[in-house]
Amino acid sequence: MNTDLRFLRLLSSKFPDIASVATEIINLEAILNLPKPTEHFMADLHGENAAFQHILRNASGNIKRKVRELFAATLREQELKDLCTLIYYPEEKLELIKQHEADIDDFYDTTLNRLVAVCRNVSSKYTRSKVRKALPQEFAYIIEELLHETSDGHNKQDYFNGIIRSIIATRRADSFIIALCYLIQHLTIDRLHILGDIYDRGPGAHLIMDTLSQYHHVDIQWGNHDMLWMGAAAGNLACIATVLRLSLRYANTRTLEDGYGISLVSLATFAMEAYADDPCERFIPRVLDGTKRTMTEKERRITAQMHKAITVIALKLEGQLYEAHPEWQMTDRNLLTAIDYTHGTINIAGKSYELLDKQFPTIDASNPCRLSSEEEALMQRLQHSFEMSPRLRGHIRCLLRRGAMYGIYNDNLLFHASVPLSEDGSLKPVVIGGEMVSGRALMDRVDRLVRQAFDEQADKKERTRSRDFIWYLWCGPDSPLFDKSKMATFERYFIADKETHHEEKGFYYKLRDNARVCDHILNDFGVTGQHRHIINGHVPVHVSRGENPIKAEGRLMVIDGGFAAAYHETTGIAGYTLVYHSRGFQLVQHEPFASRSEAVERGTDIRSTTQIVEMTGQRQMVADTDKGQQLREQIEDLRGLLNAYRTGLIK
């Protein structure tokens with residue numbers, strides 16, 4: 001009782017009398033009866049910033065749908081398209097319109113009225129207080145007045161129209177239109193869930209992270225590619241080398257150089273000297289379709305040399321980690337020690353294979369994993385660059401602050417890849433830091449170890465061990481971010497036999513179609529509710545082959561639709577967005593995005609197909625969400641304070 005009383009006294013400082021308590025209870029109970037806000041789920045963005053930004057701006061097609069609902073009877077198709085494009089890209093579209101518009105004041109008047117109507121529509125499911133917090137400070141009062149007054153009301157018609165005329169007369173129409181457009185974007189998506197793999201493949205991961213760092217409501221479930229970059233930022237040399245290898249493999253160094261200011265000059269200098277006589281044919285970069293990038297023969301040659309140089313270094317560094325951590329049971333992946341450097345062959349599982357590339361000028365056959373002095377100096381410089389990049393450090397702080405191994409939101413369990421399972425579908429026990437854990441306990445343990453790698457107050461030895469463990473999360477067989485028998489990097493570069501390239505998937509991927517298995521996982525994580533689901537990405541859905549992203553009788557949704565150009569041929573599409581609104585789930589399937597300039601100039605939108613996944617029997621309200629549970633708890637506390645006032649327990 002003493003604890004309760006202390007809590008109520010603290011609460012009374014915010015609500016000092018019966019009237020204020022009663023008002024807040026009325027307000028919170030009213031909020032419970034509003035429609036559930038809209039959530040968007042996206043996975044495996046892989047640096048495709050242009051497509052990601054467009055999907056955010058058009059809210060996966062929801063803004064176009066709302067515009068059509070409001071104006072389909074009064075506007076022609078081109079006018080609808082122009083209004084949508086203006087909402088998506090207000091600055092660029094305004095500049096284009098002003099070049100051709102004969103009566104700009106008339107355009108402003110018409111457009112402002114239409115935008116206010118759209119904004120009023122998308123804000124209708126929120127309280128005035130929540131909308132007020134989202135308003136741009138410069139125009140907050142005026143927008144609030146316009147949203148809650150209508151031009152067709154007889155008493156205030158002149159008032160409403162007068163505001164519009166004054167905005168135009170004071171030459172603030174452009175700024176006001178821009179503010180309204182971004183407010184519409186903001187209000188259309190209440191919460192954004194990113195299910196991992198923001199990094200690698202595409203050129204704009206740093207730009208995506210800029211957006212997520214400032215986004216109003218977002219949570220991130222770490223993916224294996226995100227973890228690789230986190231390890232690099234923490235100073236893990238194997239992670240640094242692999243980040244560079246992947247960037248060079250796809251001839252995509254924009255995130256490294258332009259985004260994070262990491263110079264590759266020292267790597268280029270080293271590679272051109274060490275591999276001057278090596279054609280590096282196995283390391284010619286893959287320029288992805290859709291990047292519109294061409295390389296000169298000289299660029300291709302230097303990039304191939306850099307690619308091979310960092311690949312060999314990466315293989316050495318990962319071999320060192322396997323030997324230092326026998327508890328990972330990955331010493332068989334230290335393949336540099338299995339090479340016969342005299343004959344150019346390698347022995348794997350008792351079988352000999354001829355190597356496709358036999359030139360290893362920097363490898364000492366007596367100690368294959370030892371870095372040369374030049375390689376060691378190079379990695380020290382690169383490590384310093386990664387650790388000291390201010391923008392990268394800011395983005396990693398965002399991943400730590402807003403990210404986790406998994407999340408549970410409104411009866412949905414979110415994670416990137418898998419929950420390791422045994423063959424019988426039971427949760428697989430995995431030894432992590434000397435502790436045998438499985439399921440949710442495994443995820444919690446991994447989450448703590450990742451954070452420990454960045455904790456400057458942690459024991460130095462433990463921090464180093466945690467930093468090393470990030471490599472295991474990237475490619476370890478029991479890693480919940482990977483969960484395959486091996487990552488066949490070496491085999492794909494150096495061995496022709498495609499059987500050696502095979503990566504056997506863990507039992508999660510084989511059993512996830514089973515509703516009973518999914519129920520077992522959901523139970524372990526404490527996810528309840530009539531409409532509960534697992535939502536994850538990681539493995540692209542082969543839509544072109546007829547694969548269905550909805551599995552296990554609707555309990556599992558796999559939303560990796562292949563945003564990156566590298567996966568478009570595999571999936572047959574260009575990404576998914578899962579939309580969860582008050583009436584249920586819709587899966588929006590996207591086609592490739594042309595370009596921002598084409599969207600502005602021609603009104604080109606991403607063509608998207610919407611599939612209804614699950615509709616609830618009745619419309620869901622805030623009362624049915626996690627937020628509703630929090631509000632009910634607050635109401636209960638306030639009722640306790642109200643009773644304390646009325647009984648005189650608190651004056």
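- Donor-acceptor pairing under 3.5 Å is lacking for the side chains of Glu491 and Thr500.
- The distance between the ring centers of His206 and His395 does not fall below 6.0 angstrom.
- In this structure, Asn536 and Arg512 have side chains that are in contact, with non-hydrogen atoms separated by less than 4.5 Å.
- Note: Trp471 and Tyr322 have tilted aromatic rings, judged against thresholds of 30 and 60 degrees for the angle between ring planes.
- Arg465 and Glu327 are joined by a salt bridge, as a carboxylate oxygen and a charged side-chain nitrogen come within less than 4.0 angstrom of each other.
- Of the candidates Phe41, Tyr406, Tyr215, His193 forms a ring pair (Phe, Tyr, Trp, His ring centres under 6.0 Å) with just one, namely Phe41.
- Remark: aromatic rings of His538 and Phe415 are distant, center separation not under 6.0 Å.
- Not one N or O on the side chain of Arg596 forms a donor-acceptor pair closer than 3.5 Å with the backbone of Gln53.
- Using a 4.0 Å cut-off between charged nitrogen and carboxylate oxygen, Asp447 and Arg451 count as a salt-bridge pair.
- Gln305 has its side chain out of reach of Asp278: every pair of non-hydrogen atoms, C-beta onward, lies at least 4.5 Å apart.
- The pair Arg370-Glu375 does not meet the salt-bridge criterion, since no charged nitrogen lies less than 4.0 angstrom from a carboxylate oxygen.
- A distance of 6.0 Å or more separates the ring centres of Tyr275 and Phe283.
- Using the six-membered ring where Trp is involved, Phe386 and Trp229 have ring planes that are tilted, between 30° and 60° apart.
- In this structure, the side chain of Arg463 engages the main chain of Ala453 through a donor-acceptor pair within 3.5 Å.
- A donor-acceptor pair under 3.5 Å links the side-chain atoms of Thr311 to the main chain of His307, judged by distance alone.
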